[in-house]
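Encoded as C-alpha cells, the structure appears first; notes follow it.
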Amino acid sequence: MSARAALATALDRIERYDEDIGALLEVDAAGAAARAAELDRSESHGALHGMPFVVKANMCIEGRIASCGSRMLEGYRAPYTASAVQRLIDEGAVPIGIANMDEFAFGSSGENSSFGSTRNPWDLSRAPGGSSSGSAAAVAARMVPFALGSDTGGSVRQPAALCGVTGYKPTYGVVSRHGLIAFGSSLDAVGVLATSAADVERVLAVISGADERDATSALRAPFEPAPARTDLRGLRVGLPREYFPADLDGRVRQPLEQALDDLRRLGAELVELDLPTTRHAIAAYYVVATAEASSNLARYDGVRYGARIAGDGSLQGMFAATRGAAFGAEALRRILLGTYVLSSGYYDAWYLRALKVRRAILRDFQAAFERVDVLAAPTSPTPAFRLGEKLSDPLAMYLCDVLTVPTSLAGLPAISVPCGCAAEDGVELPVGLQLIGPAFEDARVLSVARCYQAATEHHRRLPPLVAGGVA
Amino acid sequence: MASLARLSLPEHAVPALARDFEAILSAFHGLAELDVEGLEPLSSPTAAHDVTREDRARTGLSPDSALANAPQRVGDWFAVPKVIGGDA
C-alpha cells in the first residue's frame, strides 16, 4: 500500500468519526501529505513505510502541539522531536495528529483533559479510559493502525482494555523517554496501542533500544520479536489471587475465565499464586507518582513556556498565580499530595516508606517469576464506565488503576489484549486480558499475546460505530 | 502546602481540595501496616548505570527556538517581573 493511500484512508476515517469521538487535538493533513508523497517517491522503504500514526499530546514532534491536555501548555509547540517518534519517522511512519489525554496524564477516563473528553467508540456515553484516551480511541475507531501513548500507572493498558485494542507497556527503559514530557520519571514508559500484538512488535522493534539522550534508557539492543509459537505448551501462566478477588465484577470475570480457558487449551499450565503486597500498591503508587509529579511539574512557573498570569506583580506572585489558575483540579490535587509526602516531617512516613513497599512489590513479582513464565490478570476492574461517573470522586478514579500500578512500580512489561465483551444496556463493552512478564522479557510477553490472538478473534472486533465503514 | 508548592488557589476551590486531600491520605494509611524492616527503598526499577558520551560539542536548540514559547521575551532572554531594585 502506498503511503498516500494509507494516509487517505486515515484522514477519511478521522473525518467520519472524530467529530463524535474527539480523539485528536490536532491533525496535520498537509504535513502528512507532503511526507507521504516524499516517501512514495523514495526508492528505499523503511520498516513502517507509509503507516500513519498519532502521538499522545505529551510527546514532542517539532512544531506540533504538545499541550499535555492542559491549559498550562495551551498553544505550546515542541521545539524538538521525541526519540521514539523520530525513529518511527526514520522508518517511514507518518505522524498525522496529536491525541487527546488526561491533563499531564493524570486520570483514568480522559475526562481530565482541558480540551474536552474523548468518547469511547464502543459507546459514546462512556469514557475511553485514560490517560492515553485519544490514542486508544483513535486506534479503536481504526483512524490509524497504531498510536503512541505513555503508561505511568496503566495509562496505555487501561484505555486499551476499555476501547478493545491492544496496548503495550514495555519494560521501564526499553523505549527512550527523551521528548516525553515527564510525569513520574521512575515510572513513565512510552507505550504502543495497535490492533494486534504483532503490530505492537513491529513498532516496538523500531522505537526500542538505548538512547544517549535518556540516561535511564536501558543499554540494550532494540527489541526483536520471538519466533512465532503455534501453541503455549510448556508455558507456565501465574494467576495472582489478589487480581481475581471474590467480588471481581462479573462483567470482567466471565470473559477473563474464557480467556484463561483459551490459554489452557493452547497448552499453557495455569498456576494460582499470591502477590501479597498487591493491596498496598495503589497507596505506594500514588505516593511515589505524586511525589515525582510535584517535582516534575515545578517547571511550569510561567517563565519559559506556557501560561503566565501576573498575580500581584511580583515574581513569586506570578509563579503562584500562574500555577493556581492554569492547572486543572486533578493536577492541583496531585501536586499538593506530592509536595506533602516529600515535605520535611512527612518524607520518612510517606515517601520513603512507599519506596520500601515498592521494593516489596518488586520482590513479590520476582518470587512469582521463579515459578511461572508470565502472569495473567484482568487489566481493568470494570469495563468502560459512563462519562462523569467517577469524576467527582478522585479515590474511585485511582482505584481504576489497581490492576496496573503494581507492574508499573516494578518496571515490568505488560500487555492488555481484548478478550471478549460484556453486554450492558444493549451495548457491548470490551474487556482486556493483561499479561505480565519479568523485566526485559518483552519478547516473551508479546509472543504469548501473539499466539493468543492467532487463536482468537476478539482483537478483530470493531465498535458498532465503525463496523459498517471499515473492512 | 499550597504555598510550598507555589500554588495560589482560588478561595472557592480550597474546601473541596482539602476534603479530597484528607480522604486520599486516610485511604492510604494502610501503607503503615506493612513491615518494611530491612527493605531497601526502590527509587527506580532498573539498575543505574553511568552515562557518558563522547566529549564533543553538538548543536542544541537555537535561542529563537528555545524562546519561541516564552510568555515574554526581551532580546535573547526570558523576561520576568523585576526581582531586585526599584522601578525599571
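This structure is a prediction, so every number in the text was calculated from the model and none was measured. Throughout, protein chains are lettered first and strands after them, A, B, ... in sequence-line order, and every chain is numbered starting at 1.
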Measuring heavy-atom distances to chain A, does B/L61 have an atom under 4.5 Å in its side chain, in its backbone, in both, or in neither? side chain
Heavy-atom closest pair (B/P45 atom, A/A410 atom, distance to 0.1 Å) is CB-O, 3.6 Å
Check whether A/S295 gets within reach of chain B through its side chain, its backbone, both or neither, counting any heavy atom under 4.5 Å. neither
Under 3.5 Å, is there a donor-acceptor pair between the side chain of A/R308 and the main chain of B/A70? no
Residue part contacting chain B, namely of A/E62, when any heavy atom lies under 4.5 Å: neither
Which distance, rounded to the nearest 0.5 Å, do you find between the CG of B/D20 and the CG of A/L336? 10.5 Å
For the atom pair NZ (A/K356) and CG (B/L31), what is the distance rounded to the nearest 0.5 Å? 12.5 Å
Would you say A/R358's side chain and B/S43's backbone share a donor-acceptor pair under 3.5 angstrom? yes
Measure distances from A/T171 to the heavy atoms of chain B and classify the residue's part below 4.5 Å as side chain, backbone, both or neither. neither
Does the A/R359 side chain pair with the main chain of B/V36, one donor and one acceptor, at a distance under 3.5 Å? no
Indicate yes or no: at least one non-hydrogen side-chain atom of A/R333 is less than 4.5 angstrom from one of B/L17. yes
Return the CG to OH distance between B/L25 and A/Y346, rounded to the nearest 0.5 Å. 9.5 Å
Output the option from B/S3, B/A32, B/A13 having the highest count of non-hydrogen pairs under 4.5 Å with chain A. B/A32
Counting only non-hydrogen atoms closer than 4.5 Å, does B/V83 touch chain A with its backbone (N, CA, C, O), its side chain (CB onward), both, or neither? side chain
Between the side chain of B/N69 and the main-chain N/O of A/R304, is any donor-acceptor distance below 3.5 Å? no
Test item: A/L395 and B/F28 side chains (from C-beta on) under 4.5 Å apart, heavy atoms: yes
For residues B/L4 and A/S343, determine if any side-chain heavy atom of one lies less than 4.5 Å from a side-chain heavy atom of the other. yes
Look at A/F319, A/Y286, A/Y80 and state which one has the largest set of heavy-atom pairs under 4.5 Å with chain B. A/Y286
What distance do A/R279 atom CZ and B/E33 atom CD have between them, rounded to the nearest 0.5 Å? 5.5 Å
Which bit of A/A215 comes within less than 4.5 Å of chain B, counting heavy atoms only: side chain, backbone, both or neither? both
Residue among A/A329, A/A349, A/P394, A/G338 with most heavy-atom pairs under 4.5 Å to chain B: A/P394
d(B/T46 OG1, A/L219 CG) to nearest 0.5 Å is 9.5 Å
How about B/R56: does its CZ atom have over 12 heavy atoms from other parts shown lying under 6.0 Å from it? no
Quick check: closest heavy atoms across B/L34 and A/A360, and the distance to 0.1 Å? CD2-CB, 4.1 Å
Side chain, backbone, both or neither: which part of B/R19 has a heavy atom under 4.5 Å from chain A? neither
Can you confirm whether A/L355 sits close enough to B/L39 that some side-chain heavy atom of one is under 4.5 Å from a side-chain heavy atom of the other? no
Taking every non-hydrogen pair under 4.5 Å, which of A/M318, A/E292, A/R77 racks up the most with chain B? A/R77
For the atom pair CZ (B/R6) and OG1 (A/T339), what is the distance rounded to the nearest 0.5 Å? 10.0 Å
What's the shortest heavy-atom distance between A/A307 and B/P71, and which atoms? O-CG, 4.4 Å
Using a 4.5 angstrom heavy-atom cutoff, name the option from A/P79, A/A218, A/G411 with the most pairs to chain B. A/P79
Would you mind telling me which of A/L332, A/L409, A/L362 has the largest number of heavy-atom pairs within less than 4.5 Å of chain B? A/L332
Structural part of A/S314 lying under 4.5 Å from a heavy atom of chain B: backbone
